[in-house]
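Heads up: the structure comes next, in structure tokens.
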Number of protein chains: 2
Amino acid sequence: MGLTKTDIFDSRQNKLAGIFKVLGHPARIAILEYISKQNACICSDIVEEVGLAQPTISQHLKELKRIGLIEGEIEGNKVCYCIAQDRWKEIQSYLNTFFNETGTHCC
Amino acid sequence: MGLTKTDIFDSRQNKLAGIFKVLGHPARIAILEYISKQNACICSDIVEEVGLAQPTISQHLKELKRIGLIEGEIEGNKVCYCIAQDRWKEIQSYLNTFFNETGTHCC
DNA sequence: AATGTTTATCGTAATATTGCGATATACAAA
DNA sequence: TTTGTATATCGCAATATTACGATAAACATT
């Protein structure tokens, strides 16, 4: 087959996996780290920095926006991306809840 | 194309993304949660519980083992899986370091 | 207005992942 | 030894993801 059977898992499991999945690509890690490294929003010299073509970066940015990790503010013909701190912390805490509730039992 | 250009990212970014990626599938979340829900190691009625075919579960277990999140102990003709608590905590802390170091700057 | 710049989207090629039937392997039980 | 049970691996089909050229859209600059 090849299609993830999302219907047999509950929505919480799908949501959690969905967040992990977005973070599960080195380009998206690199983009997040680059945005963070700058003390202000950086409009897209991300393309230059990361080393992937502009459409590819745009696609990765879209994924990151989709789960709310970053926000883009339009400034003229440029877009200024920044990390959405509230959502960032929310996701961190959400993942920690998973780790704390799941990693406790063993033989 | 379709191939992730791992060579243009540093090994830390690839490693981090690799961990996120393994956690980025609802079946693997479900497996981890099921193993955890039992107060002891669970030999594999995972197949029955999760609702995917045995080869599929076996493949997911292999991925989880690969990054060290679970360990399987052979007991006769069964294998007993449990969460590797040290590695579990190590990964949690590793991901938290990423979140703490990256999510700080904005416009 | 014409041209350049920046970003998003479309379409497509290529690789990756998912899922499972068939099978192999290893041990258990009879 | 034969049969059953549990798990891993192989091979394949199908979907998903990644990457990017071409192009569109929106604004800036001249």
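Throughout, protein chains are lettered first and strands after them, A, B, ... in sequence-line order, and every chain is numbered starting at 1.
- A straight line from CG of A:D7 to P of D:dT15 spans 14 Å, rounded to a whole angstrom.
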Side chain to side chain contact (heavy atoms under 4.5 Å, CB included) assessment of A:L23 paired with A:L69
CA-CA 10 Å; A:L23 292 167; A:L69 271 179; 3.7 Å; yes
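- Not counting sequence neighbours, the partners of B:K65 by the side chain to side chain donor-acceptor pair (under 3.5 Å) test are B:Y81.
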Could you pull out all donor-acceptor pairs under 3.5 Å where a side-chain atom in residues 8-21 of chain B meets a protein atom, sequence neighbours excluded?
residue, atom, partner, partner atom, Å
B:D10, OD1, B:R12, N, 3.2
B:D10, OD1, B:Q13, N, 2.8
B:R12, NH1, A:E33, OE2, 2.9
B:R12, NH2, A:E33, OE1, 2.8
B:R12, NH2, A:E33, OE2, 3.3
B:Q13, OE1, B:D10, N, 3.1
B:Q13, NE2, A:E33, OE1, 3.0
B:N14, ND2, B:T6, O, 2.9
B:N14, ND2, B:F9, O, 3.4
B:N14, ND2, B:D10, O, 3.3

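- Rounding to the nearest 0.5 Å places CD1 of B:I70 at 11.5 Å from NE2 of B:H60.
- Taking the salt bridge (charged side-chain N to carboxylate O under 4.0 Å, His left out) definition, one finds that B:E71 meets it with nothing, sequence neighbours left out.
- Of the residues near DNA chain D, B:T56 and B:F9, the one whose nearest nucleotide (by heavy atom distance) lies more toward the 5' end is B:T56.
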I'd like to compare against my own output: the B/S/- annotation of nucleotides 21-30 of chain C with a strict under-4.0 Å heavy-atom distance to protein.
BB----BS--
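- Here C:dA8 presents its C1' atom at 11 Å from CD of A:Q59, a figure rounded to the nearest Å.
- Contact between the side-chain N/O atoms of B:K78 and the OP1/OP2 oxygens of D:dA8 is not found at any separation under 4.0 Å.
- Residues passing the salt bridge (charged side-chain N to carboxylate O under 4.0 Å, His left out) test with A:E75, sequence neighbours excluded: none.
- Mapping B:H60 and A:V47 onto DNA chain C by nearest heavy atom places A:V47 closer to the 5' end of the strand.
- Listed nucleotides: C:dG19, D:dA8, D:dA19. Nearest to the side chain of B:Y81: D:dA8.
- Residue A:K62 has no polar side-chain atom (N or O) positioned under 4.0 Å from OP1 or OP2 of C:dT7.
- Applying the side chain to side chain contact (heavy atoms under 4.5 Å, CB included) test to A:S58 and every residue at least two apart in sequence or in another chain returns A:Q54.
- Each of B:L52 and A:V79 has a nearest nucleotide on DNA chain C; the 5'-most of these lies closest to A:V79.
- The side chain to side chain donor-acceptor pair (under 3.5 Å) search around B:E90 returns B:R87, not counting sequence neighbours.
- For B:N96, the side chain to side chain donor-acceptor pair (under 3.5 Å) partners at least two apart in sequence or on another chain are A:Q92, A:N96.
- Taken residue by residue, residues 16-31 of chain B places heavy atoms nearer than 4.0 Å to DNA chain C at B:K21, B:H25, B:R28.
- We find that CG of B:L61 is positioned 11 Å from P of D:dT9, with the value rounded to whole Å.
- A straight line from CD of B:E63 to P of C:dA16 spans 13 Å, rounded to a whole angstrom.
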